[in-house]
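For reference, the structure is listed below as structure tokens.
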Amino acid sequence: MGRKFFVGGNWKCNGTTDQVDKIVKVLNEGQIASTDVVEVVVSPPYVFLPIVKSQLRPEIQVAAQNCWVKKGGAFTGEVSAEMLANLGIPWVILGHSERRSLLGESSEFVGEKVAYALAQGLKVIACVGETLEQREAGQTMDVVAEQTKAIAAKITDWTNVVVAYEPVWAIGTGKVATPAQAQEVHANLREWLKTNVSPEVAESTRIIYGGSVTGASCRELAAQPDVDGFLVGGASLKPEFIDIINSATVKSA
């Protein structure tokens, strides 16, 4: 059996209780492809995690947007992996470009976070991606490989890791990597995993695309052989997220 399509919705720092109720209602009432075809995870802000988890249809899972690099304690403002596990939150997003660029998280720090979260039983959506300057300088694969290497240095079991390739220049800008651009990086990243981790990990690990994915762009992107799904930002707050989820059927057609 091939890699199951994976669609994540990153709500980022958005929402009120009323807005969250509306988003959950759309998801609960939407006609979405079966769990045999697609795995769906949504990631609300911390404060809404218990509400969303309790109200959402069971086949859609919930993720946190971040967690601390070690056990809890005197780390004001942080949330530990243990707390998320205690709440029954199965997934966490780590290494998102906004945390790397705005909060200065290094690749090594992200690698440590991934390892610790996995050790506490969480599943991880690990983000990698280059800036516009790096792409224009021809450094895309160097950057993505360096970020992935820092994760590979800390873990041995990739079973519960989904890698999200998110070109920074396409996040929240309305620009989307062309299907060919996305496929090229995903294929190169899979080849890097094959060479530097193992052929088995390369074949089984899902590599998803993130960067201004919309209902209009999703099906053509989903058709690419090495694109195993999406991590969706702004569009995950809108009804078109249902269309993005259902683009998974391109793979099973």
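One-based numbering along the sequence shown.
- Hydrophobic cluster membership is shared by V201 and I151, with clusters built from Ile, Leu, Val, Met, Phe, Trp and Tyr side chains linked at under 4.5 angstrom.
- Tracing side-chain contacts under 4.5 Å through hydrophobic residues (I, L, V, M, F, W, Y), one reaches F241 starting from V24; they form part of the same cluster.
- Side chains of E146 and S107: a donor on one and an acceptor on the other come within 3.5 Å.
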Exercise. Please step through side-chain hydrogen bond (donor to acceptor under 3.5 Å, both in side chains) for the pair S97 and E166, ending with a clear verdict.
Key: CA-CA 8 Å; S97 65; E166 294 201 308; 4.9 Å; no
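- Shortest non-hydrogen contact noted between K4 and T35 is NZ-O, 2.7 Å.
- Here the side chain of S204 pairs a donor or acceptor atom with the backbone of E200 at under 3.5 angstrom.
- To the nearest 0.5 Å, the span separating CD on Q181 from CG on L221 amounts to 10.0 Å.
- By the 4.0 Å N-to-carboxylate-O rule, K12 lies close enough to E98 to be salt-bridged with it.
- One finds the CD1 atom of I207 at 9.5 Å from the CD atom of Q183 (value rounded to the nearest 0.5 Å).
- Between K194 and E203 no salt bridge is recorded (no basic side-chain N to carboxylate O distance below 4.0 Å).
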Exercise. Under the side-chain hydrogen bond (donor to acceptor under 3.5 Å, both in side chains) rule, what do E82 and Y116 come out as? Steps first, then yes or no, please.
Key: CA-CA 10 Å; E82 288 89 345; Y116 192 81; 2.3 Å; yes
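- Using cut-offs of 30° and 60° for the angle between ring planes, the Y165 and H186 rings count as perpendicular.
- No more than 12 heavy atoms of other residues, nucleotides or ligands shown are found within 6.0 angstrom of CD on E220.
- The side chain to side chain contact (heavy atoms under 4.5 Å, CB included) with L118 is formed by just one residue from the set V92, V124, D157; it is V124.
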Which donor-acceptor pairs under 3.5 Å do the side chains of residues 37-52 make with protein atoms, sequence neighbours left out?
unit_1: E39; atom_1: OE1; unit_2: R206; atom_2: NH1; d: 2.7
unit_1: E39; atom_1: OE1; unit_2: R206; atom_2: NH2; d: 3.0
unit_1: E39; atom_1: OE2; unit_2: Q61; atom_2: NE2; d: 3.0
unit_1: S43; atom_1: OG; unit_2: A63; atom_2: O; d: 3.0
unit_1: S43; atom_1: OG; unit_2: A64; atom_2: O; d: 3.4
unit_1: Y46; atom_1: OH; unit_2: N66; atom_2: O; d: 2.3

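- Each of V162 and L193 belongs to its own hydrophobic cluster when Ile, Leu, Val, Met, Phe, Trp and Tyr are linked at side-chain heavy-atom distances under 4.5 angstrom.
- To the nearest 0.5 Å, atoms CG (L27) and CD1 (I245) are separated by 6.0 Å.
- The hydrophobic cluster containing L87 does not contain I93, counting ILVMFWY residues as joined when their side-chain heavy atoms lie under 4.5 angstrom apart, directly or transitively.
- Between the side chains of Q65 and W11, no donor-acceptor pair of N or O atoms lies under 3.5 Å.
- Checking side-chain atoms of N28 against main-chain N and O of R57 turns up a donor-acceptor pair under 3.5 Å.
- Taking each heavy atom of V163 and T205 in turn, the nearest pair found is CG2-CG2, 4.0 Å.
- Closest of all the heavy-atom pairs between V176 and S212 is CG2-O, 3.1 Å.
- Taking a cutoff of 4.0 Å between a charged side-chain nitrogen and a carboxylate oxygen, R190 and D228 qualify as a salt bridge.
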Practice problem: Just do the ring pair (Phe, Tyr, Trp, His ring centres under 6.0 Å) check on F6 and F230 with the steps written out, would you? | Solution: CA-CA 6 Å; F6 184 100; F230 303 115; over 10 Å; no
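- Remark: E105 does not engage R100 in a salt bridge, criterion side-chain N to carboxylate O under 4.0 Å.
- For the atom pair CD (E108) and NZ (K149), the distance works out to 10.0 Å, reported to the nearest 0.5 Å.
- Annotation: the span from S236 atom OG to I244 atom CD1 amounts to 8.0 Å, rounded to 0.5 Å.
- Under the 4.5 Å side-chain contact rule for hydrophobic residues, W91 and L231 share a cluster.
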